[in-house]
Undergrad: 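Structure in structure tokens, see below.
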2 protein chains.
Amino acid sequence: MPKLDPNSSEFRAAGHRVVDWIADYLDNVDQFPVLSRVQPGDVEKQFDTHAHDDGKSYDALLEEFRSKIIPGVTHWNHPAFFAYFSITGSQAGILGEMLCAALNLNGMLWRTSPALTELETLSLRWLRDALGLPSNLFGIINDTASINSFLALAAAREALGVDVRRKGMTGRDLPPIKVYCSEHAHSSIEKGALALGIGSEGVVKIPGDDRFCMDINALEAAVARDRANGALLCAISATLGTTSTASVDPLPRIAEIAAREKMWLHVDAAYAGPATLCPEYRWLWNGIEAADSIVVNPHKWLFTPVDCSILWTKKPDVLRETFSLVPEYLKTPDTAEINYMDYGLQLGRRFRALKLWMVMEHYGLERLRNTIRDQIGFTKRLAEELQKREDVEILSPPQFSVLVFRKKSDEETQALLDRMNASGRLFVSHTKLKGKLGIRVALGNGATEWEHVERVLSFL
Amino acid sequence: MPKLDPNSSEFRAAGHRVVDWIADYLDNVDQFPVLSRVQPGDVEKQFDTHAHDDGKSYDALLEEFRSKIIPGVTHWNHPAFFAYFSITGSQAGILGEMLCAALNLNGMLWRTSPALTELETLSLRWLRDALGLPSNLFGIINDTASINSFLALAAAREALGVDVRRKGMTGRDLPPIKVYCSEHAHSSIEKGALALGIGSEGVVKIPGDDRFCMDINALEAAVARDRANGALLCAISATLGTTSTASVDPLPRIAEIAAREKMWLHVDAAYAGPATLCPEYRWLWNGIEAADSIVVNPHKWLFTPVDCSILWTKKPDVLRETFSLVPEYLKTPDTAEINYMDYGLQLGRRFRALKLWMVMEHYGLERLRNTIRDQIGFTKRLAEELQKREDVEILSPPQFSVLVFRKKSDEETQALLDRMNASGRLFVSHTKLKGKLGIRVALGNGATEWEHVERVLSFL
């Protein structure tokens, strides 16, 4: 039988065509409608109902990719993609992913690829220091902030000292477990708590104040109530850069409460964290020394293709005690080395550090800082322009690269939102603040210039 | 300020060089020692202690990649990589990853890229049918089998009907929860149960029989004991293709017990599942109609780069009820469509279906079948050769593409293992069976030919 890939000649030719397609695509992505215009089922129905016994040439498949798949793509690369948090890749990041796919490593153990483990350690130390984070933090890259917040909460549960790892949570007389976060916290905090058996009733959502920051008095009241009721006070998750408005919870005061109550302090800075590359945003970390765990996503605002989310912790031993489980077939003589599989749920680990290293090294920190500064500047300028319009209300002022505005009524706001997104010229998402529908504009794409942001104004 | 990537010209040139490097690498990977020979710290110490403010050219970075990183790589692509389960990529898979990185989509919602969602649905239906699995299965791609087994066990916990999602597991009078698996099950089952608050004491490891299959009598006895003690019987995880020996648990009899006791039946076929592309291995699915959830990993034995693990379930509603949580900013009018984020823990979702589609379409099912057949054939031939050696004992006969053998003593076996792995010419891992150390040979690389497998014999 011939080998699966007898040699690399077909791949080499197709690879060059793919690189050219990617380069052309990135140069012209602004020509596509941002939001795909297909109807449900349109993509699927173009394909046969069953896989084929015979293969197809790369040329044929690339043609199918262009003609059948691309029309169904919502272009996250589009410089006027302002919805959610735009997952901003970059050209250096793509090259990193190409090499990652080619090597196809699995970094479960140090020995299964020393370079993967050591570049992960190195690049996270580089980034930690570049963001001005404390030097006692241990870092690990996982796929998503959802997973990293989940791992942090699992460590917090273990840190309660009731040996959940061995004895589990049922069949014994454990009180309800409580995790605190703001009502504006990302849904992944609640999802993580659900997975951990804490239950939605165990997730205490503290109201936000007028500026959408966690209300400390409400937190104090909730903690006092739960303590009086004999609950196990597990963790507080503070958000530095919430999803809807990029508001920043008052970390120093939250940290005091966490310390006093002996709770784990988790910090979700998935989006806003990278802004601290710029010294003028280092205030974000005010109080961070108290944090037990911190999430920052290079795939949100550091020009690294999805997936790349960092979990830093000053208590790696707790994370390890929560998750380490080494079967015979994974035992290794390399006892002094980091085996990253010991610090999480997932055994399989891609070489994600490669793209992060490529991004930091190719652009250099100064160009990354200036790109972030540009985006924050565009957001401020947009707010100034919006404030000149009489029929526009700013629901949340620019914070980092996010702002929320609306028209006079929910109906007019919805109509404007629909008109913008149907145009194909930009893509914004929505949120509700104080009961009012708002249009949320979030910048994050390295290719965004003022001309793209200005499109928002052209619809008013 | 200039944009992060002013245009694509540097990327285009570097991308072509990267493609050529990848092609040369794949053609010559056999020239590298399989297992990296660096000492701990060797990779890291070549780099500066801090990230740089100024950027570097792609050429400079590719040179660093070649000279500093590659020596620290353990070559999972090497055709004589026989350790663990070799994560077998392929050239088609690499092209798929290149396009995935370029588009950089996030498939949390249908609308965030219809093509991602619909190609995922389509490719999983294709593969489900090609493997001869029941047509009522709903599929989702996640990163790893660790995550997929965890999600399945979370659904099993929810299916107990005690509303863990809302009320949590503590502060109420719930009995201990029990999950059953064989002592030969993958460690991810126990790890998932730890994360879910079931605790290691809740994971009942059923002894294997002489052929390393779950002992049904022991399972019956354990279930009867736990039922008598009032435990909540949650799930049985059957393994079709265990890690150490690729043994197959007796699914039909396990299914009877699960049905009688109203337990969730989970099936871990992460490694062996793809063999059922070949009709002659369809017996593996004997009893599969009863399974509530099934894991199959295209990144283990279907020539798809890591990460790509499939979870199929006939109870997607339970999975959804366990995990769905839709905050305002993710609400969408597309109510009829699948939003895959509702079926798991992770919000961020890469376009993994693209590489799976490329692999199935470029090679065609028949070439994939024949590659798998070759590997199973080589494993049998290796066993025949080993049996001719007087000083070799086969600890576990060839099952699919895995076998385990040893020399007369643990000491001799360890010495042989060390000699093989130090040679750089192949990489095997070890396991312990019935208290004896064994050398485990697992094939799975599309480039492996008999000449590579024969290297095992050359060390005897």
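A, B, ... follow the sequence lines: proteins, then strands. Residue 1 opens every chain.
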Undergrad: Measure A:T49 against the heavy atoms of chain B and call it side chain, backbone, both or neither at under 4.5 Å.
TA: backbone
Undergrad: Is B:D24 in contact with chain A via its backbone, its side chain, both, or neither, using a 4.5 Å heavy-atom distance?
TA: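 Contact with chain A is through both the backbone and side chain of B:D24.
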Undergrad: Of the backbone (N, CA, C, O) and the side chain (C-beta and beyond), which part of B:T243 lies under 4.5 Å from a heavy atom of chain A, both, or neither?
TA: side chain
Undergrad: Does any backbone or side-chain atom of B:S57 lie under 4.5 Å from a heavy atom of chain A? Answer side chain, backbone, both or neither.
TA: backbone
Undergrad: Below 4.5 Å from any heavy atom of chain B, which atoms of A:T88 appear? Answer side chain, backbone, both or neither.
TA: backbone
Undergrad: Show the nearest heavy-atom pair for residues B:V19 and A:V19, with the distance to one decimal.
TA: CG2-CG2, 3.6 Å
Undergrad: Please determine whether a side-chain nitrogen of the Lys or Arg among B:R367 and A:D54 lies less than 4.0 Å from a carboxylate oxygen of the Asp or Glu.
TA: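 No, no charged N to carboxylate O under 4.0 Å.
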Undergrad: What distance separates B:R165 CZ from A:K191 NZ, expressed to the nearest 0.5 Å?
TA: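 Answer rounded to 0.5 Å: 8.5 Å.
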Undergrad: Do you know which of A:G41, A:S429, A:C100 has the most heavy-atom pairs with chain B at a distance under 4.5 angstrom?
TA: A:G41
Undergrad: Going from CD on A:E366 to NE2 on B:H52, what distance comes out if it is rounded to the nearest 0.5 angstrom?
TA: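 Between A:E366 CD and B:H52 NE2, I get 14.5 Å after rounding to 0.5 Å.
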Undergrad: Ignoring hydrogens and geometry, is there a side-chain-to-backbone donor-acceptor pair from B:Y58 to A:A92 under 3.5 Å?
TA: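 Side chain of B:Y58 to backbone of A:A92: a pair is present.
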Undergrad: Among A:L62, A:L26, A:D48, which residue has the highest count of heavy-atom pairs closer than 4.5 Å to chain B?
TA: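 Most heavy-atom pairs under 4.5 Å with chain B: A:D48.
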Undergrad: Just by modelled atom types, is the A:A101 backbone N or O under 3.5 Å from a matching donor or acceptor in the B:E97 side chain?
TA: no
Undergrad: Who among A:S187, A:G348, A:A130, A:A447 has the most heavy-atom pairs with chain B under 4.5 Å?
TA: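 Of A:S187, A:G348, A:A130, A:A447, A:S187 has the most heavy-atom pairs under 4.5 Å with chain B.
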Undergrad: Could you report the tightest heavy-atom contact between B:F323 and A:A195, atom names first, then the distance?
TA: CE2-CB, 4.2 Å
Undergrad: Identify the heavy atoms of A:I94 and B:A102 that sit nearest to each other, and give their distance.
TA: CD1-CA, 3.8 Å
Undergrad: Can you measure from CZ (A:R111) to CG (B:L35) and round to the nearest 0.5 angstrom?
TA: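 It comes to 5.0 Å.
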Undergrad: What are the two closest heavy atoms between A:L345 and B:F150, and how far apart are they?
TA: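 Residues A:L345 and B:F150, closest heavy atoms: CD2-CG, 3.8 Å.
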Undergrad: Please report the closest heavy-atom contact between A:W357 and B:F65, naming both atoms and the distance.
TA: CH2-N, 4.3 Å
Undergrad: Heavy-atom distance under 4.5 Å to chain A: side chain of B:T322, backbone, both or neither?
TA: backbone
Undergrad: Tell me, side chain or backbone of A:S90 under 4.5 Å from chain B's heavy atoms, or both, or neither?
TA: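 Both parts, heavy atoms under 4.5 Å.
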Undergrad: At a heavy-atom separation under 4.5 Å, does B:R157 approach chain A through its side chain, its backbone, both, or neither?
TA: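 It is the side chain, since no backbone atom gets that close.
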Undergrad: When rounded to the nearest 0.5 angstrom, what is the spacing between OH in A:Y25 and OG in B:S8?
TA: 13.0 Å
Undergrad: Between B:T144 and chain A, which part of the residue has a heavy atom less than 4.5 Å away: side chain, backbone, both or neither?
TA: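 Interface part for B:T144: side chain.
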Undergrad: Within the side chain of B:N104, is there an N or O that forms a donor-acceptor pair under 3.5 Å with the backbone of A:V306?
TA: yes
Undergrad: When you measure from the side chain of B:D5 to the backbone N and O of A:Q91, does any donor-acceptor pair fall under 3.5 Å?
TA: yes
Undergrad: Select one option (side chain, backbone, both, neither) describing which atoms of B:E10 are under 4.5 Å from chain A's heavy atoms.
TA: side chain
Undergrad: Before accepting this row, confirm whether a basic side-chain N of the pair B:E44/A:R125 lies closer than 4.0 Å to the acidic partner's carboxylate O.
TA: yes
Undergrad: Would you say B:I69 and A:L119 make side-chain contact, with heavy atoms under 4.5 Å?
TA: yes
Undergrad: Please flag which part of A:M108 lies under 4.5 Å from any non-hydrogen atom of chain B: side chain, backbone, both or neither.
TA: side chain
Undergrad: How far does CD of A:Q346 sit from CD1 of B:I147, to the nearest 0.5 angstrom?
TA: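 CD1 of B:I147 is found 4.0 Å from CD of A:Q346.
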Undergrad: Using a 4.5 angstrom heavy-atom cutoff, name the option from A:K355, A:H299, A:K45, A:R369 with the most pairs to chain B.
TA: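 Top count of heavy-atom pairs under 4.5 Å with chain B: A:R369.
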Undergrad: Does A:N7 offer a backbone N or O that forms a donor-acceptor pair with the side chain of B:D27 under 3.5 Å?
TA: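 Looks like no, no N/O pair under 3.5 Å.
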Undergrad: Under the 3.5 angstrom rule, does the side chain of B:S146 hit a backbone N or O of A:L347 as a donor-acceptor pair?
TA: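 Such a contact is found between B:S146 side chain and A:L347 backbone.
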Undergrad: For side chain to side chain donor-acceptor pair (under 3.5 Å), just list the numbers for B:N106 and A:Y84, CA-CA rounded to whole Å, side-chain angles, deciding distance to a tenth of an Å, and then say yes or no.
TA: CA-CA 10 Å; B:N106 185 342; A:Y84 316 115; over 6 Å; no
Undergrad: Do B:P114 and A:T74 make a side-chain contact, defined as non-hydrogen atoms from C-beta onward lying under 4.5 Å apart?
TA: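 Yes - at least one pair of side-chain heavy atoms lies under 4.5 Å apart.
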Undergrad: Please look at B:S9 and chain A and tell me whether the side chain, the backbone, both or neither of the residue comes under 4.5 angstrom of a heavy atom of that chain.
TA: neither
Undergrad: Looking at B:E201 and A:K167, is there a salt bridge between them, counting it only when a charged N and a carboxylate O are closer than 4.0 Å?
TA: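 Salt bridge between A:K167 and B:E201, a charged N being under 4.0 Å from a carboxylate O: no.
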Undergrad: Taking everything shown except A:K56 itself, do over 12 heavy atoms lie less than 6.0 Å from its NZ?
TA: yes
Undergrad: Taking all non-hydrogen atoms of both residues into account, name the closest pair between B:L95 and A:A14 and its distance.
TA: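 Smallest heavy-atom distance, with atoms named: CD1-CB, 3.8 Å.
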Undergrad: Is the shortest distance from a Lys or Arg side-chain nitrogen in A:D143 or B:R350 to a carboxylate oxygen in the other one below 4.0 Å?
TA: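 Between B:R350 and A:D143 there is no salt bridge, as every charged N stays at least 4.0 Å from the carboxylate O atoms.
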Undergrad: In terms of heavy-atom pairs under 4.5 Å with chain B, which of A:D163, A:L103, A:I177 leads?
TA: A:L103
Undergrad: Taking every heavy-atom pair that is under 4.5 Å apart, which of A:V43, A:L354, A:I70 has the most such pairs with chain B?
TA: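 The answer is A:V43.
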Undergrad: Judged by atom type as modelled, is there a donor-acceptor pair below 3.5 Å linking the side chain of B:W21 to the main-chain atoms of A:L99?
TA: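 Looks like no, no N/O pair under 3.5 Å.
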Undergrad: Within this structure, what is the CZ-CG distance for the pair A:F47 and B:L122, rounded to the nearest 0.5 Å?
TA: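 Answer rounded to 0.5 Å: 6.5 Å.
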Undergrad: What part of B:S36 is in contact with chain A, defined as an atom under 4.5 angstrom from a non-hydrogen atom: side chain, backbone, both or neither?
TA: side chain
Undergrad: Could you look at B:D20 and say if it's the side chain, the backbone, both or neither that has a heavy atom under 4.5 Å from chain A?
TA: both
